[in-house]
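First up is the structure itself, then whatever we jot down about it.
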Amino acid sequence: MANFGNIRPPFRTVCLIVVLSIGIQVEVLSGTADETPQSVIETSEAATALQTRKGVLENEVNNTVRSLVIRGNDSFSEQQIRALMRTDVWSVYDETVLTGDFEAILRFYKENGYRFARIVETQNYVKRFEDGVYLGFEIDEGIIGEITVSGNTNTKENVILRELLFQEGDIYIEADKIESERILRQKSYIGSANIVPQWNASSETVTLHVDITDLWSLRGAFDPLPLVNPEGGKFLIAGTDFNLLGSGHFTQFRYEGVIEREEETQHFIRGRYQMPRLLNSYWKFDGEFAQRLEGNTWTSFLERPQYSFSLERPQYSLKSRWSASLKVSELIHPRRWYENGVKTDIFEGNLQTVSGSILRYFGDRERQNYIGLLAESRRSRYVRLETFGESQAAPSDRDISNVGIIVGRKSIAYHKTRFHRKMGQEEDFFTGSQYALSVGYASPLYGSDKSESYARFIGISAWTRGRRILSTTLIDLATNFTTRIERSKIQLQTSWYYIDVFNTGDDIYTVDKGFRKNSFFDFHQTLVAQFRTDMQFGWSGEDQVTLGSDNGLRGYDPQQFNGEKMMLIRIESRTLCGGAFFSKIDDALGAVATFIVKPFIKRSVKVGLVLSATAFIDAGYIWNGKRTFQLSESKKSVGFGLRGSFSRVSGPSIFRIGLAFPLDVESSSAFEPRFFYGFHQTF
């Protein structure tokens, strides 16, 4: 039988263990219950952040530029346009940034002369897809829709249109407009040219209006110089049309009687025809034929003719990349030799020439380099007709055939002005620079009478300061050499113009508007200074330079002084006369001209008489190898006169009349005034 009294202590122990176990379990369960809510919270926050990041990524993908299409950029490459933009493929699309890109593109176009360039809003698109944004826009560079012409009372409209550097359907560029105006002004039958561009909103194109001033193109010339000059000269009767039937062609027929003291009168008949656009191309044809009277009878039509033909493709525009020319001529001309101002010999010179060239240009409208090939064949023959005394004259017969190359550089700029070389017509004063070097070699291998090399350098530089001072300089150096330098020539000319000394106002007279009506008298002052020199080395007996009234030293006989080297300084003050008084004179002459041509032409005629009062001083030096230059041995003259032009008549129509007082003559004739006049003189 069991004794239960003995098991009581263990039971109590078991109960204690159970109680302790329950407490531990409750504590453990309590700790677990506290940790579970924190884990759930952290998991929820992570999920929310992930969802937000996913939304951001999805938004960035939808605004990424996947495609950018540019149209209408015919003048510039797509790479040039994209370089101006911040918006590009794989960038984030931003409407504000794209608007700024459009502004940059238009600014770029306008800086390059595309005045009417625009972004076509109706052709722009922004398309959004799940994978990104697709962009496209179109540039309208400014298409020319219509060109109209006015003011061409004589010239045919197609003649004006063909001179322009653009036509309907082309893109309007400001530089083309400026150069087209300059090309039109260079035509002798056009006095002014103005091209006005306007935007046509209805057709969304550029309309151009070309307004010109036509000049009277048919002109006669009569020069009775030998009748008033005991030294003789040229008796001239000529008829010229600078714009035949409005076609732009030049025609001329002239009779010329050359009368020299102690010589038999020589008679010439000349005809000339010039076609500026052969077969509507840029090639220019110029041909002249002359026949002369031998003694008292005319030679046979085919005997001893004089002719000159040229076919030239000029650098018509600064955009042109090449030019070429071909010239053929045979000229028979008298050549006179002087010693101490006295004529000693008369030669008849026969010069036959064939020459050609081709040039290639590189660069833009402002700076250009060029290189070319030259070829020339010259045959000269001299026959002594008369001799009046002992001299060193010994011109040699030559057969020269040479080939060469030419390299050059141009910096191109122009200043539009008036009253410098012309009277009233708009003229373009070159204010850039141009330098050219040509070298060649003549050889018996291709027909030369001996081996000979030559080199020639020509430099032209001009500049302007504001609207007051203009200047131009020409340097021409040429030399022929074998084993040594045999012959050389140096020519230098520089001219300075100081305008508007008393007032400003280039509009005192314009061809298109006439005289301004602000007062009874109106004056415009210009001061001109010019220096010229012509020096020869090694040409003794072959050639000579002269100094006299025929080349700028007014008041002296033509070719009164001779030598091998010459310098000439001329200073002239010009006062352009305007106002109501001179306007009335011009109107009166126009009325007379209208009455004369009334049976042939119904419209009124304007001659555009412009006069300038002048006062001048000339000083020249001439010497040779035997007599050195002496500063005190100058030949001086002073005088005054009129310089004028019929500015509404085609061609170089400047004339001069006046009195000159030679200051370095024999005492018996000292300060004796001499009347002079001349035509086609631009100084």
Side-chain angles (χ1 to χ4, degrees), residues 147 149 152 154-170 176 179-191 193 195 210 212 214-219 238-254 269-291 301-302 305-331 351-361 365 368 370-378 406 428 650-652:
I147 303 176
V149 180
N152 54 319
N154 300 324
T155 310
K156 297 177 181 179
E157 183 173 313
N158 68 298
V159 174
I160 303 299
L161 294 177
R162 77 185 182 190
E163 303 299 333
L164 306 178
L165 299 181
F166 41 72
Q167 57 185 354
E168 294 180 2
D170 290 345
D176 285 344
E179 191 176 357
S180 294
E181 289 178 335
R182 188 162 60 244
I183 291 172
L184 290 174
R185 286 193 294 266
Q186 290 173 350
K187 303 300 177 183
S188 59
Y189 50 87
I190 294 178
I195 301 176
V210 183
I212 69 166
D214 253 346
L215 303 182
W216 183 263
S217 63
L218 182 60
R219 197 179 72 177
T240 305
D241 196 334
F242 291 84
N243 189 13
L244 181 64
L245 301 177
S247 64
H249 295 185
F250 172 90
T251 56
Q252 184 182 71
F253 179 83
R254 58 187 288 169
I269 289 183
R270 301 177 185 271
R272 184 180 179 187
Y273 186 78
Q274 186 180 96
M275 186 184 302
R277 291 293 192 89
L278 183 63
L279 301 177
N280 209 31
S281 68
Y282 285 115
W283 286 91
K284 173 183 176 181
F285 170 80
D286 191 352
E288 182 176 3
F289 185 88
Q291 192 71 7
F301 184 75
L302 296 179
Q306 298 186 56
Y307 60 86
S308 175
F309 299 100
S310 68
L311 191 61
E312 181 181 8
R313 204 281 190 187
Q315 190 190 18
Y316 179 78
S317 163
L318 295 176
K319 297 192 300 183
S320 300
R321 291 304 175 194
W322 65 281
S323 64
S325 67
L326 176 63
K327 298 179 181 180
V328 180
S329 67
E330 180 175 0
L331 302 177
L351 179 62
Q352 301 175 10
T353 305
V354 178
S355 63
S357 67
I358 184 168
L359 299 177
R360 179 68 167 86
Y361 300 88
R365 274 190 165 104
Q368 293 184 351
Y370 56 93
I371 186 171
L373 299 176
L374 307 172
E376 182 181 45
S377 176
R378 297 197 314 270
I406 180 172
D428 297 288
S650 295

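Numbering starts at 1 and runs along the sequence shown.
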Is it the case that the ring center of Tyr361 lies less than 6.0 angstrom away from the ring center of Tyr370? yes
For a quick test of reading the model, state the closest non-hydrogen atom pair linking Ile195 to Glu181 and the distance between them. N-OE2, 2.8 Å
Which heavy atom of Val159 sits nearest a heavy atom of Ser247, and at what distance? CG2-O, 3.7 Å
State which residues pass salt bridge (Lys or Arg N to Asp or Glu O under 4.0 Å) with Arg270; sequence neighbours excluded, sorted by chain then number. Glu256, Glu288
Check side-chain contact (heavy atoms from CB on, under 4.5 Å) between Ala238 and all other residues, then give those that pass, not counting sequence neighbours. Ala221, Leu236, Arg254
Salt-bridge contact Asp286-Lys327 (side-chain N to carboxylate O under 4.0 Å): no
Heavy-atom closest pair, residues Leu245 and Lys156: O-CE, 3.3 Å
Go through the structure and list residues passing side chain to side chain donor-acceptor pair (under 3.5 Å) with Ser180, not counting sequence neighbours. none
By salt bridge (Lys or Arg N to Asp or Glu O under 4.0 Å) - contacts of Lys284 (at least two apart): none
Taking side-chain contact (heavy atoms from CB on, under 4.5 Å) as the definition, give me every residue that meets it alongside Thr251, ordered by chain and number, with sequence neighbours left out. Asp241, Leu244, Tyr273
With rounding to the nearest 0.5 Å, note down the distance linking CG in Asn152 to CG in Leu161. 8.5 Å
As a test of understanding, state which of Arg321, Gln315, Lys319 forms a side-chain contact (heavy atoms from CB on, under 4.5 Å) with Ser317. Lys319
Shortest non-hydrogen separation from Leu184 to Ile190 and the atoms involved: O-CB, 3.5 Å
Mind checking what makes side chain to side chain donor-acceptor pair (under 3.5 Å) contact with Tyr316, not counting sequence neighbours? Glu163, Arg277
Could you grab the distance from atom CZ of Arg162 to atom CD1 of Ile183, nearest 0.5 Å is fine? 12.5 Å
Checking Arg182 now: which residues fulfil salt bridge (Lys or Arg N to Asp or Glu O under 4.0 Å) with it, not counting sequence neighbours? none
Testing the basics here: between Gly248 and Asn243, what is the closest heavy-atom pair and its distance to 0.1 Å? N-OD1, 2.6 Å
Could you work out, with side chain to side chain donor-acceptor pair (under 3.5 Å) as the rule, every residue matching Asp428, not counting sequence neighbours? Arg185
With rounding to the nearest 0.5 Å, note down the distance linking OH in Tyr307 to OG in Ser329. 7.5 Å
With sequence neighbours left out, the residues meeting side chain to side chain donor-acceptor pair (under 3.5 Å) with Glu376 are Arg378
Please report the interatomic distance CG(Leu373) to CZ(Arg360), rounded to the nearest 0.5 Å. 13.0 Å
Arg365 meets the salt bridge (Lys or Arg N to Asp or Glu O under 4.0 Å) criterion, sequence neighbours left out, with Asp176, Glu179
Please evaluate residues Leu326 and Phe309 with respect to the criterion side chain to side chain contact (heavy atoms under 4.5 Å, CB included), reporting the C-alpha separation (whole Å), side-chain torsions for both, the decisive distance (0.1 Å), and the verdict. CA-CA 8 Å; Leu326 176 63; Phe309 299 100; over 6 Å; no
Just how far is it from atom OG1 of Thr240 to atom CD of Gln252, taken to the nearest 0.5 Å? 3.5 Å
Minimal non-hydrogen separation, Asp214 against Tyr189, with atom names: OD1-O, 3.6 Å
Partners of Val354 by side-chain contact (heavy atoms from CB on, under 4.5 Å), sequence neighbours excluded? Val328
Residues passing the side-chain contact (heavy atoms from CB on, under 4.5 Å) test with Leu278, sequence neighbours excluded, are Met275, Ser281, Trp283, Leu311
Atom pair CG (Leu215) and OG1 (Thr155), whose distance is rounded to the nearest 0.5 Å: 8.5 Å
Would you check if there is a donor-acceptor pair between the side chains of Ser325 and Ser357 at a distance under 3.5 Å? yes
